[in-house]
Amino acid sequence: MKKYIIQGKTSLSGKVKISGSKNAAVAILPAAILTSENLFIDNLPDITDVRTMVSILENLGVTIRRRGRNAIELIPGNLARIAPAYELVKRMRASYYFMGSLLARFGRAEVPIPGGCDLGPRPIDQHLKGFSALGADIKIEHGMINLSTERLKGANIYLDVVTIGATINLMLAAVAAEGRTVLENAAKEPEIVDLANFLNAMGAKIRGAGTDVIRIDGVKKFSGVRHAVIPDRIEAGTFMLAAAATGGTVTVEDVIPKHLEAITAKLREVGAQVQVEPERITVTGTGNLVASDLKTFPYPGFPTDLQPPGMVLLTAARGLSVVTENVFDGRFNQVDELKRMGARIKVEGRTALVEGGGNLSGAPVTAPDLRSGAALIIAALMADGTTEIGAIEHVDRGYEILEDKLISLGASIKRISEGDLMQMPGKFPR
Ligand code: EPU
């Protein structure tokens, strides 16, 4: 297990360049197998989830050439494998996008039931309903999802819930189906638009991405392209919330401010100053924050991925804030850990009551998942004393060179591995 040791009472200040979007990258990479021609993808974040995706592609037979830290060339050639390895797939949820792209390329896919962050129940019924409507036979046995079809056929599919995963998976399959597919009640996230732009550049015919009705006319051939992944709005939002929470001033650079409007609005509401320029946003924490309610919703609402860091910000805001999680059942993994640090939070169902304005204090805590890990890092920067955060492998899945970026903003943060820990016994009594 790897850990962070963070000294508290640190205001972040300076400029930070935002990396490419994790959730766009992990949707775009599986689409590479639609063609046998070479592709070039730039602005890929160097994070564990992207490395896992790249390993799955290699496992399927794609040749990968690294072109620096954030770019790769993919040479899919004549692939034959339809079953990505369980050992790789179980590491990340987005590996299930190979269901859509393998179906499109081969009419067959054998994908293990996926893993991913524990955010409560994460059903895939909408994915399967959609694949079935497109003409796939589905069998689930021995932990595998087996999909097969003679020919994918376009269909009208109404998604019962707004789901990013199903919207992406069905787009990946429908681009190669015979005729037209209409996805209704589709997710509208910028990552979906980025995937649609990538697929359209490859030859797909997708219209309406970014709205809740996506129309896809199937095509037979896809070509190689060059593409740069959009900036990560969740990484940018994490730094913006951290700036406000620590009473510092941080400029996030290379961002698309339109994608960050919900965060900008919430920060202003709690009393932070926010200056928006064409490709950058500067947030200043005034040290005088006031309570505000926070409700998560699909885009363009406040993103569920920023709910844990947003909750930490509210612990610093005077008064009672109500946080409502509308996207996932039970995404409050961070709460027990924050309570160890002295936060006053009470959870009732999908709602958390945050009594803000008190001080947090350094404590040994464990990152329960990726975004809760980010929340604990912000809490550690705010707290009195030293905080040790365990299981930071979760954080490595989604934040590129996080400690380097934080150190450049003035944080005192150190990564230690199990071996180093043996040499510092008793640092924190457990
Ligand atoms: N849902 C269903 N049935 C389905 C699919 C989803 O009921 O077939 C429900 C889910 O249980 C949830 C809601 O629909 O209540 C939304 O789920 P969605 O499918 O949108 O989530 P996801 O695709 O599994 C992606 C991101 C998550 C992010 C959510 C919500 C990726 C790889 N993951 O997950 O990102 O939290 O959308 O915005 O894009 C993260 O980056 O830390 C992360 C967890």
Side-chain angles (χ1 to χ4, degrees), residues 19-30 45 47-50 52-53 56 89 91-100 113-133 138 140 145 157-172 183 185-195 212 229-230 232-238 259 262 295-310 324-334 350 367-375 393-400:
S19 302
S21 159
K22 166 177 90 78
N23 289 345
V26 299
I28 284 169
L29 287 168
I47 52 177
T48 322
D49 273 10
V50 164
T52 303
M53 244 333 154
I56 295 175
V89 168
R91 292 187 202 162
M92 61 181 297
R93 191 157 185 83
S95 54
Y96 64 9
Y97 293 149
F98 282 99
M99 293 196 285
I113 293 171
C117 278
D118 179 9
L119 311 177
R122 297 180 79 177
I124 56 166
D125 57 308
Q126 300 302 304
H127 304 238
L128 300 181
K129 173 179 103 169
F131 289 139
S132 172
I138 302 168
I140 302 178
I145 306 167
I157 303 167
Y158 188 94
L159 296 169
D160 299 339
V161 285
V162 178
T163 139
I164 297 176
T167 303
I168 287 175
N169 236 335
L170 298 175
M171 277 168 68
L172 287 169
L183 296 179
N185 200 26
K188 298 183 281 200
E189 271 68 6
E191 294 75 25
I192 287 165
V193 178
D194 202 27
L195 172 66
D212 55 11
V229 175
I230 56 167
D232 196 311
R233 65 195 168 96
I234 305 300
E235 187 202 10
T238 304
H259 295 172
K295 294 181 170 61
T296 65
F297 281 107
Y299 189 82
F302 191 94
T304 171
D305 290 343
L306 288 176
Q307 178 263 108
T324 310
E325 174 55 59
N326 290 308
V327 178
F328 286 107
D329 258 339
R331 189 176 196 172
F332 284 132
N333 290 339
Q334 74 278 13
R350 287 186 164 224
D369 61 65
L370 166 57
R371 307 301 173 185
S372 296
E393 294 86 349
H394 287 299
V395 178
D396 293 338
R397 290 186 40 208
Y399 291 90
E400 184 177 47

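For ligands, and for the atoms within them, numbers begin at 1 and follow the listed sequence. Keep in mind that the numbers below use all heavy atoms, side chains included, and drop hydrogens, waters and symmetry copies.
Considering T324, D329, N326 in turn, D329 is the only one that fulfils the side chain to side chain donor-acceptor pair (under 3.5 Å) rule with R350. When each of I145, N169, I113 is paired with I124, the side-chain contact (heavy atoms from CB on, under 4.5 Å) condition holds for I145 and for no other.
Inclusion of V26 in the set of residues having an N or O under 3.5 Å from an N or O of ligand 1 is not warranted.
Ligand-side atoms of ligand 1 in range of Q126: 3 (N), 4 (C), 8 (O), range being under 4.0 angstrom from any heavy atom. Shown in contact with K22 at under 4.0 Å from a heavy atom are these atoms of ligand 1, numbered in order with element: 40 (C), 41 (O). Short contacts between ligand 1 and L370, defined as distances under 4.0 Å to a heavy atom of the residue, involve ligand atoms 42 (O). When each atom of ligand 1 is checked for a heavy atom of V161 under 4.0 Å away, the hits are 1 (N), 2 (C), 7 (O), 14 (O). Proximity to V327 (heavy-atom distance under 4.0 Å) selects the following atoms of ligand 1: 12 (C), 13 (C), 15 (O), 16 (C). Interface of T304 with ligand 1, defined as ligand atoms under 4.0 Å from a residue heavy atom, comprises 30 (C), 36 (O), 38 (O). Near R93, meaning under 4.0 Å from any of its heavy atoms, are these atoms of ligand 1: 24 (O). In summary, the atoms of ligand 1 found under 4.0 Å from a heavy atom of I124, numbered by their order in the structure, are 4 (C), 8 (O).
By the criterion of a heavy-atom distance under 4.0 Å, both the backbone and the side chain of I164 are placed next to ligand 1. At a heavy-atom cutoff of 4.0 Å, ligand 1 is contacted by no atom of E189, backbone or side chain. Of the heavy atoms in R371, only side-chain atoms (C-beta onward) come closer than 4.0 Å to ligand 1. Here D125 has heavy atoms under 4.0 Å from ligand 1 in both its backbone and its side chain. With a 4.0 Å heavy-atom cut-off, ligand 1 is reached by no atom of E191. Proximity of T163 to ligand 1, defined as any heavy-atom pair under 4.0 Å, is shared by backbone and side chain alike.
With a 4.5 Å cut-off on side-chain heavy atoms, M92 and M53 count as touching. S21 has its side chain out of reach of D194: every pair of non-hydrogen atoms, C-beta onward, lies at least 4.5 Å apart. Between T296 and R331, the closest side-chain pair of non-hydrogen atoms is not below 4.5 Å. Counting heavy atoms from C-beta outward, N23 and I164 have side chains that stay 4.5 Å or more apart. Inter-residue side-chain proximity for L128 and I140 is flagged as met; some heavy-atom pair is nearer than 4.5 Å. Contact check for T48 versus E393: no side-chain heavy atoms found under the 4.5 Å cut-off. For the pair R91/R397, no side-chain contact is recorded, criterion being any heavy-atom separation below 4.5 Å from C-beta on.
Residue contacts with ligand 1: P123 is included, with a non-hydrogen atom under 4.0 Å away. Ligand 1 is approached by R331 to a heavy-atom distance shorter than 4.0 Å. Within the 4.0 Å heavy-atom cutoff, Y96 counts among the residues contacting ligand 1.
When I234, N23, T296 are checked for heavy-atom proximity to atom 33 (N) of ligand 1, N23 turns out nearest.
The aromatic rings of H259 and Y299 stand perpendicular to each other, their planes meeting at an angle above 60°, with 30° marking the opposite boundary.
Using a 4.0 Å cut-off between charged nitrogen and carboxylate oxygen, D232 and K22 do not count as a salt-bridge pair.
Legend: residues meeting side chain to side chain donor-acceptor pair (under 3.5 Å) with T238, ordered by chain and number and at least two apart, are Y399.
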